[in-house]
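The structure displayed is predicted, hence computed values, not measured ones. Computed over heavy atoms, backbone and side chain alike; hydrogens, waters and symmetry mates excluded.
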Amino acid sequence: MNIKTITCHNVYNYGASLQAYALQHYLVEQNHQVEIINFRPWFLQTRYNFFFIQPASRFYKLTSKIPALRYVFGPIANRHKFKTYGRKSRFDRFTSDFMNLTGTFYETSDQLRKNPPKADVYIAGSDQIWNTDMRNGHEPAFYADFGSKETLRVAYAASFGIENLPEEYRKFVHDEVVNINAVSVREQSGLKTLKELGINDAVQVVDPVFLLEKDEWEQLAIKAHKYKEFTKNEYILVYDFIRDERIAKLATELKKQTNYPIVSVNDFRETKYADYNINNAGPLEFINLISNSAYVLANSFHGTAFAIIFNKQFYSFSLETQRTSSRMRDLLVQHGLECRFNAKQVIDDDIDFKKVNGIKETLVRDSKEWINSALRISNKTI
């Protein structure tokens, strides 16, 4: 079948890139023709836009009055981004090498409605495409609201990211989701949200990264840049983008117990307590660093997901500055790993991955059956 997917595929975020690739890869393995719709509204283009001025910047008022000054003050306001340009390059290379994008680039939902790509099926998802705390959740395009009414629409592992949908967005979300032929969400909290909207036929499935086997990810990670400063299976990997004191405390405690160095994967800033700071990792390096670590500490959904996939001893933490922590909690509850959420000290017992893998295999099997069934139904309809 000719399938077009739509998600947050190119936003310089590890999880976003890897889940977009994973869904594409799985569908291709099922002999479908797959393209990711190259949809990037302006708010998903700011990460490495050196002329974009954040509203919080001291230059914002001035550049709002005189837009041309963005080209003077933008590089000053964004100077911290220059030191991680190697990170951007590796993300761009990953997108170029591993993502099959539509030839047409879209910046607005209206552009997609006026000139939609032809397909047998549109698949919306995964990632936080329906999070109304972000601009993602306001975009009709992320609900596959474009193209012919005859084209089948499927949502795969779409995430609201938050537990409670604000009242002002409930009608909009309801009216968009009811037009999707088969709906699945990533979190249990997403099912609850849909039921509150009167949508009762949705199911819960795993994030696309789980659709690939561990060895498939390891084969992909072979292509990553290798960091030779530390030894395989003898370091503590930290992925913390809000500088969480709980992670710092636990990582330091683990270092004392194991004598393993702390390796921090960063965006723009560095982690002061880490022995090694990595500011130039792309998606391949991210999965390679997790697969070769001894411990993983993260406040990231996909950091946690890959720790499970690679059977790493890990600790997952809520994002105290955001409302998106239900994502990690739901993932851990699914796998019987609640004790690894917001741990206050090092846990003596290792994770029993024989049990966890058994749960994961069942969840993955059910998810594959669901999406394959949704596509078979669509195929019969076509």
Asn115 backbone acceptor or donor facing Tyr106 side chain under 3.5 Å: yes
Any donor-acceptor N/O pair, Lys226 side chain to Ala224 backbone, under 3.5 Å: yes
Search all heavy atoms of [X] against all heavy atoms of [Y] and return the closest pair with its distance.
X: Phe353; Y: Ile308; answer: CE2-O, 3.9 Å
X: Ala182; Y: Ala374; answer: CB-CB, 4.1 Å
X: Ser17; Y: Met99; answer: O-CE, 3.2 Å
X: Val178; Y: Asp175; answer: CG2-O, 3.4 Å
X: Ala281; Y: Leu289; answer: CB-CD1, 4.5 Å

Ion pair [X]/[Y], N-O distance below 4.0 Å:
X: Glu196; Y: Lys192; answer: yes
X: Glu253; Y: Lys256; answer: no
X: Lys114; Y: Asp110; answer: no
X: Glu163; Y: Arg327; answer: no
X: Asp120; Y: Lys4; answer: no
X: Asp352; Y: Lys355; answer: no

Side-chain touch Thr304/Leu332, heavy atoms, less than 4.5 angstrom: yes
Trp130 side chain reached by Val177 side chain, heavy atoms, under 4.5 Å: yes
Could [X] and [Y] be counted as a cation-pi pair, given that NZ or CZ must be under 6.0 Å from the ring centre and within 45° of the axis?
X: Arg87; Y: Tyr14; result: yes
X: Arg340; Y: Tyr315; result: yes
X: Arg186; Y: Phe160; result: no

Phe172 and Tyr143 aromatic centres sub-6.0 Å: yes
Test of ring centre spacing under 6.0 Å for Phe317 and Phe341: no
Working for side chain to side chain donor-acceptor pair (under 3.5 Å), residues Glu187 and Ser159: CA-CA 7 Å; Glu187 287 92 28; Ser159 175; 2.7 Å; yes
Can you label the angle between the [X] ring and the [Y] ring as parallel, tilted or perpendicular, going by 30° and 60°?
X: Phe142; Y: Phe39; value: perpendicular
X: Trp370; Y: Tyr156; value: tilted
X: Tyr227; Y: His225; value: perpendicular

Does [X] belong to the same Ile/Leu/Val/Met/Phe/Trp/Tyr cluster as [Y], with side-chain heavy atoms less than 4.5 Å apart forming each link?
X: Leu331; Y: Val333; answer: no
X: Leu194; Y: Ile180; answer: yes
X: Leu250; Y: Leu319; answer: no
X: Met328; Y: Val238; answer: no

Asn136 vs Leu44, side-chain contact (heavy atoms from CB on, under 4.5 Å): CA-CA, chis, key distance, verdict: CA-CA 9 Å; Asn136 301 344; Leu44 297 182; 3.8 Å; yes
Step-by-step side-chain contact (heavy atoms from CB on, under 4.5 Å) determination, Thr7 to Ile37: CA-CA 8 Å; Thr7 186; Ile37 297 174; over 6 Å; no
Residue pair Glu270, Asn279: steps toward the side-chain contact (heavy atoms from CB on, under 4.5 Å) verdict: CA-CA 8 Å; Glu270 294 191 342; Asn279 293 81; 3.5 Å; yes
Measure the spacing between [atom1] of [X] and [atom2] of [Y] and express it to the nearest 0.5 Å.
X: His138; Y: Ser109; atom1: NE2; atom2: OG; result: 12.0 Å
X: Leu101; Y: Thr104; atom1: CG; atom2: OG1; result: 11.5 Å
X: Asn266; Y: Asn277; atom1: CG; atom2: CG; result: 4.5 Å
X: Asp275; Y: Glu229; atom1: CG; atom2: CD; result: 11.5 Å
X: Phe94; Y: Ser89; atom1: CZ; atom2: OG; result: 15.0 Å
X: Lys214; Y: Gln219; atom1: NZ; atom2: CD; result: 12.5 Å

For a quick check under 3.5 Å, do [X] and [Y] share a side-chain donor-acceptor pair by atom type?
X: His32; Y: Asn2; answer: no
X: Glu107; Y: Gln45; answer: yes
X: Asn357; Y: Asn311; answer: yes

Those residues that, when tested against Asp366, pass salt bridge (Lys or Arg N to Asp or Glu O under 4.0 Å) (two or more places apart): none
By salt bridge (Lys or Arg N to Asp or Glu O under 4.0 Å) - contacts of Arg246 (at least two apart): Asp244, Glu320
Asp97 atom CG: more than 12 heavy-atom contacts under 6.0 Å: yes
Heavy-atom neighbours of Glu245 CD exceed 12 at 6.0 Å: no
Phe314/Leu237 under side-chain contact (heavy atoms from CB on, under 4.5 Å): CA gap, chis, key distance, verdict: CA-CA 9 Å; Phe314 73 89; Leu237 187 72; over 6 Å; no
Residues His9, Gln24; criterion side chain to side chain donor-acceptor pair (under 3.5 Å); working and verdict: CA-CA 11 Å; His9 66 282; Gln24 170 195 278; over 6 Å; no
Inter- and intrachain pairs under side chain to side chain donor-acceptor pair (under 3.5 Å), touching residues 230-243, at least two apart: Asn233-Lys312, Asp240-Asn299
Steps toward side chain to side chain donor-acceptor pair (under 3.5 Å) verdict (Asn181, Tyr122): CA-CA 10 Å; Asn181 301 92; Tyr122 296 130; over 6 Å; no
CA sep, side-chain torsions, deciding dist, call: Trp217, Phe310, ring-ring contact (aromatic ring centres under 6.0 Å, His included): CA-CA 9 Å; Trp217 287 117; Phe310 290 121; 7.7 Å; no
